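Right, one structure below, let's go through it.
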Amino acid sequence: MANGDSKLLGAQLGVLTLNGTASIAKAEFSDIIPIRSIIVRPDDDWSALAGQRVRVGGWVKTARKGSKGSRFLQLNDGSCLGNLQVFVEADKVDLGQLARTGICVVADGVLKLPPEDKEQKVELKVEKMVHVGPVDPADYPLPKTSLPLEFVRNFVHLRPRTCTISAVIRIRSALAHATHIFFLERGFLNVQTPIMNCSDCEGAGEMFQVTTLFSEGEKLEKDLLKNPPPSEADVEAAKVIVKEKGDVVTLLKSSKASKMDIGDAVAELKRAKENLWKLEERSKLQPGIPHKEGKIDYTRDFFGRPTFLTVSGQLQLEAYACSLSKAYSFGPTFRAEKSHTTRHLAEFWMVEPEMAFAELEDDMNCAEAYVKFMCEWLLEKCHEDMEFFAESYDKSCIDRLRMVASTPFERITYTEAVDLLIEAVKNGKEFENPVEWGVDLSSEHERYLTEVKFQKPVIVYNYPKDIKAFYMRLNDDSETVAAMDVLVPKVGELIGGSQREERFDVLQNRILERGLPVELYQWYLDLRRFGTVKHSGFGLGFERMVMFATGLDNIKDCIPNPRTEGRAD
């Protein structure tokens with residue numbers, strides 16, 4: 001490693017070198033030294049740390065007894081996978097409470113080098129125990145023994161303390177960082193698209209509805225019980241008062257009374273009418289969800305129409321790409337799909353770039369470059385965590401990243417893909433899902449193409465129009481659309497994208513063909529009415545990228561707080 005590169009890496013780790021002597025920088029906004037700054041050394045030389053006084057904090061992974069009642073603690077603060085060994089003598093603290101996995105400690109001490117035959121390269125000898133956050137071992141659900149990921153999902157709030165989930169979060173953070181670097185350096189603007197929409201981007205109908213009708217209905221029901229609505233007699237009495245007040249005004253005007261008297265009478269008439277209107281409106285109130293002509297009356301809802309959690313920010317993002325040339329969003333999306341497979345979540349994150357003046361080939365080039373960039377980033381920035389996943393879950397995950405980063409993606413049409421799959425069936429390959437033209441490719445088809453046939457990522461393009469969304473550009477054959485999917489080993493589809501339909505008439509017909517309410521898409525059609533342009537984009541499922549990188553088998557372990565049917569705790 002060049003001297004300049006070593007200094008740069010040292011700065012990233014929080015290790016400053018002054019006149020050849022290592023000085024460990026404190027964490028910003030804290031008085032502790034990140035454990036990563038101590039145990040991860042750019043030059044694999046820990047000798048310069050010996051004798052330095054530091055303050056560290058973290059959670060105890062394991063504890064073992066030493067001589068004379070001392071304790072050796074394995075301390076982790078989440079800054080890296082590795083632990084710092086902490087040596088505590090009996091006179092520094094009540095050692096009984098330090099024998100429990102999960103306690104939090106903050107300690108001041110001196111760094112020292114253990115004997116050369118020890119696994120640890122450096123350890124901390126405690127001079128003062130600043131803080132101990134105790135744990136009741138009878139209640140703590142995460143003992144030091146290895147636990148199945150399925151069990152750990154029951155303790156989402158504590159599972160970041162496990163090696164696997166903490167490594168997942170560091171991988172996610174690195175991929176998010178890489179995403180912003182990739183797009184911002186290429187002239188894209190980051191746009192925050194709305195989470196609540198009235199339109200369905202995918203047209204699948206599996207959307208979470210956003211409404212206040214239920215909560216408002218419950219409030220109304222309680223209010224009507226406490227303050228019953230006016231009776232018909234109450235309303236009629238109010239009408240009589242309005243008539244009487246009106247007669248008074250008429251009489252005063254005909255008798256040419258003073259302006260003051262007429263004004264006072266008119267004001268009383270106005271108040272009587274307002275009171276009548278309130279009584280009439282309240283008399284119409286019914287407990288429960290409001291209905292009109294046999295249907296739910298959404299005009300009484302918060303937004304005045306049916307509204308849903310977004311399945312994609314793409315449509316709104318197109319408006320910005322068609323004004324700013326390049327835009328991307330990175331945020332949560334939602335799908336009310338009652339699926340319990342290892343590949344589906346109700347809430348998941350999408351990276352969605354949109355590019356004006358770009359056709360399908362440009363879209364494929366951007367998607368390939370982006371995936372390669374993320375693989376290179378993980379190989380460079382997350383070696384320790386990737387080694388952990390290779391040792392614990394998927395021994396091929398690092399080689400897979402290297403292969404994708406260095407290999408040109410195969411590109412085939414949907415028709416060619418189907419022909420290859422049919423040929424495989426003829427040669428004895430068995431698929432659970434049928435293979436024929438016009439059917440969407442399943443995960444097993446996608447993985448066959450990437451893992452068996454080509455043994456590298458594959459971009460499949462020009463899909464049948466009937467299995468793709470309405471906004472994808474219709475090809476000249478009128479049977480296929482300019483859509484593309486990026487397929488990778490391990491997960492299958494990683495990216496879905498297309499050239500968007502820029503022709504007004506064609507897009508309007510596609511909306512009508514799908515039976516979608518065209519009035520909700522008038523703003524989207526405006527982008528074609530006013531200065532239309534060829535444009536393209538895609539969406540990458542962020543959790544699927546984490547699955548692909550780490551080799552984990554269940555997408556629920558690739559997101560901080562998995563949301564699935566029946567589980568939102």
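All values below were derived from every heavy atom in this structure, side-chain atoms included, with hydrogens, water molecules and symmetry-related copies excluded. Quick caveat: nothing in here was measured; it's all calculated off a predicted structure.
The CG atom of L378 sits 8.0 Å away from atom CE of M374, with the distance rounded to the nearest 0.5 Å. One finds the NZ atom of K243 at 14.0 Å from the CG atom of L276 (value rounded to the nearest 0.5 Å). From L184, atom CG reaches atom NZ of K326 across 11.5 Å, with rounding to the nearest 0.5 Å. For the atom pair NE2 of H535 and CG of L317, the computed distance is 10.0 Å after rounding to the nearest 0.5 Å. In this structure, CG in L309 is found 8.0 Å from CD1 in I195, a value given to the nearest 0.5 Å. In this structure, the separation between CZ on F155 and OG1 on T162 is 12.5 Å, given to the nearest 0.5 Å.
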Next on the checklist: The test is side chain to side chain contact (heavy atoms under 4.5 Å, CB included); show your working for N154 and V152 and say whether it passes.
Outcome noted: CA-CA 5 Å; N154 295 316; V152 177; over 6 Å; no
Item to check | Derivation and outcome, side chain to side chain contact (heavy atoms under 4.5 Å, CB included), residues V56 and V106 | outcome: CA-CA 6 Å; V56 298; V106 177; over 6 Å; no
Checklist entry - Between K219 and D223, is a salt bridge (Lys or Arg N to Asp or Glu O under 4.0 Å) present by the stated rule, with each step listed? => result CA-CA 6 Å; K219 286 168 58 178; D223 179 54; over 6 Å; no
Checklist entry - Please walk me through it: do T193 and Q314 pass side chain to side chain contact (heavy atoms under 4.5 Å, CB included)? => result CA-CA 8 Å; T193 53; Q314 176 209 314; over 6 Å; no
Item to check | salt bridge (Lys or Arg N to Asp or Glu O under 4.0 Å) assessment of R335 paired with E347 | outcome: CA-CA 7 Å; R335 187 70 61 85; E347 178 185 18; over 6 Å; no
Item to check | Test side chain to side chain contact (heavy atoms under 4.5 Å, CB included) applied to D136 and R100, step by step | outcome: CA-CA 8 Å; D136 184 344; R100 298 162 185 172; over 6 Å; no
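The two atoms that bring R500 and S498 nearest to each other are NH1-OG, 2.6 Å, heavy atoms only. Closest heavy-atom contact between M350 and G541: SD-CA, 3.7 Å. The minimum heavy-atom distance between M484 and A367, with the atom names listed, is CE-CB, 3.8 Å. Closest approach of V135 to P137, counting heavy atoms only: O-CD, 3.2 Å. The minimum heavy-atom distance between C198 and T307, with the atom names listed, is SG-OG1, 3.9 Å. Listed here is the closest heavy atom pair of P562 and L345: CB-CD2, 4.0 Å.
Side-chain N/O atoms of S231 and D234 include a donor and acceptor closer than 3.5 Å. Side-chain atoms of E318 and Y524 form a donor-acceptor pair, as typed in the model, at a separation below 3.5 Å. Counted by atom type alone, D485 and Y463 present one or more donor-acceptor pairs between their side chains at under 3.5 Å. Residues T480 and N475 have side chains that bring a donor and an acceptor to within less than 3.5 angstrom of each other.
Taking the six-membered ring wherever Trp is involved, the centroid distance between the rings of W437 and Y414 falls below 6.0 Å. Remark: aromatic rings of Y370 and F183 are close, center separation under 6.0 Å.
In Y320, the OH atom is not crowded: 12 or fewer heavy atoms of neighbouring residues, nucleotides or ligands sit closer than 6.0 Å. No more than 12 heavy atoms of other residues, nucleotides or ligands sit less than 6.0 Å from atom CD of E293. Counted within 6.0 Å of OH on Y140, heavy atoms from surrounding residues, nucleotides or ligands total more than 12; the atom is thus considered enclosed.
Classification of E274 and R271 as a salt-bridged pair fails, no side-chain N sitting under 4.0 Å from a carboxylate O. No salt bridge links R300 with E216; every basic N to acidic carboxylate O contact stays at or beyond 4.0 Å. A salt bridge does not link D301 to R305: none of the charged side-chain nitrogens sits closer than 4.0 Å to a carboxylate oxygen. A salt bridge links R529 with D526; the closest basic N to acidic carboxylate O contact falls under 4.0 Å. Residues K284 and E281 are paired through a salt bridge, judged by an N-O separation under 4.0 Å between the basic side chain and the carboxylate. By the 4.0 Å N-to-carboxylate-O rule, R159 lies close enough to D557 to be salt-bridged with it. Under a 4.0 Å N-O distance rule, the pair E493/R343 does not qualify as a salt bridge. A salt bridge links R473 to E502: at least one charged side-chain nitrogen sits closer than 4.0 Å to a carboxylate oxygen. A salt bridge between D362 and K534 is absent, with no side-chain N of the basic residue lying under 4.0 Å from a carboxylate O of the acidic one. Residues K556 and E150 are not paired through a salt bridge, judged by the lack of any N-O separation under 4.0 Å between the basic side chain and the carboxylate.
S325 places no side-chain N or O within donor-acceptor distance of the main-chain N or O of A321, the cut-off being under 3.5 Å. Of the possible donor and acceptor atoms, none in the side chain of T212 sits under 3.5 Å from a partner among the backbone N and O of S215. Without hydrogens or angle criteria, E565 side chain to S339 main chain gives no donor-acceptor distance under 3.5 Å. A distance-only check finds a donor-acceptor pair linking the side chain of R172 to the backbone of C558 [under 3.5 Å]. Side-chain atoms of R186 come within 3.5 Å of backbone atoms of F182 as a donor-acceptor pair (strictly under, hydrogens ignored). Side-chain atoms of S173 do not come within 3.5 Å of backbone N or O of I169 as any donor-acceptor pair. Side-chain atoms of R514 do not come within 3.5 Å of backbone N or O of R510 as any donor-acceptor pair. Using modelled atom types, one side-chain atom of E543 and one backbone atom of W349 make a donor-acceptor pair closer than 3.5 Å. The backbone N or O of G102 lies less than 3.5 Å from a partner atom in the side chain of R161, making a donor-acceptor pair. One N or O on the side chain of D77 and one on the backbone of I35 form a donor-acceptor pair closer than 3.5 Å.
In this pair, F330 and H180 present their aromatic rings tilted. The plane angle is within the 30 to 60° band. Using bins of under 30°, 30° to 60° and over 60° for the plane-to-plane angle, the ring pair Y521/F470 lands in the perpendicular bin.
Put simply, the side chain of Y298 reaches to within 4.5 Å of the side chain of L213, judged on heavy atoms. Inter-residue side-chain proximity for Q508 and L525 is flagged as met; some heavy-atom pair is nearer than 4.5 Å. Between L360 and S536, every side-chain heavy-atom pair lies at or beyond the 4.5 Å cut-off. Counting heavy atoms from C-beta outward, P160 and S166 have side chains that stay 4.5 Å or more apart. Looking at heavy atoms from C-beta onward, V460 lies in side-chain contact with L487 at the 4.5 angstrom threshold. Taking the side chain as every heavy atom from C-beta outward, P306 and F308 approach each other to under 4.5 Å. Looking at I555 and F348, their side chains never come closer than 4.5 Å, going by heavy atoms from C-beta outward. Side chains of K372 and W377 form no contact here, defined as non-hydrogen atoms less than 4.5 Å apart.
With a 6.0 Å cutoff to the six-membered ring centre and a 45° limit on the axis angle, R544 does not count as a cation-pi contact of F542.
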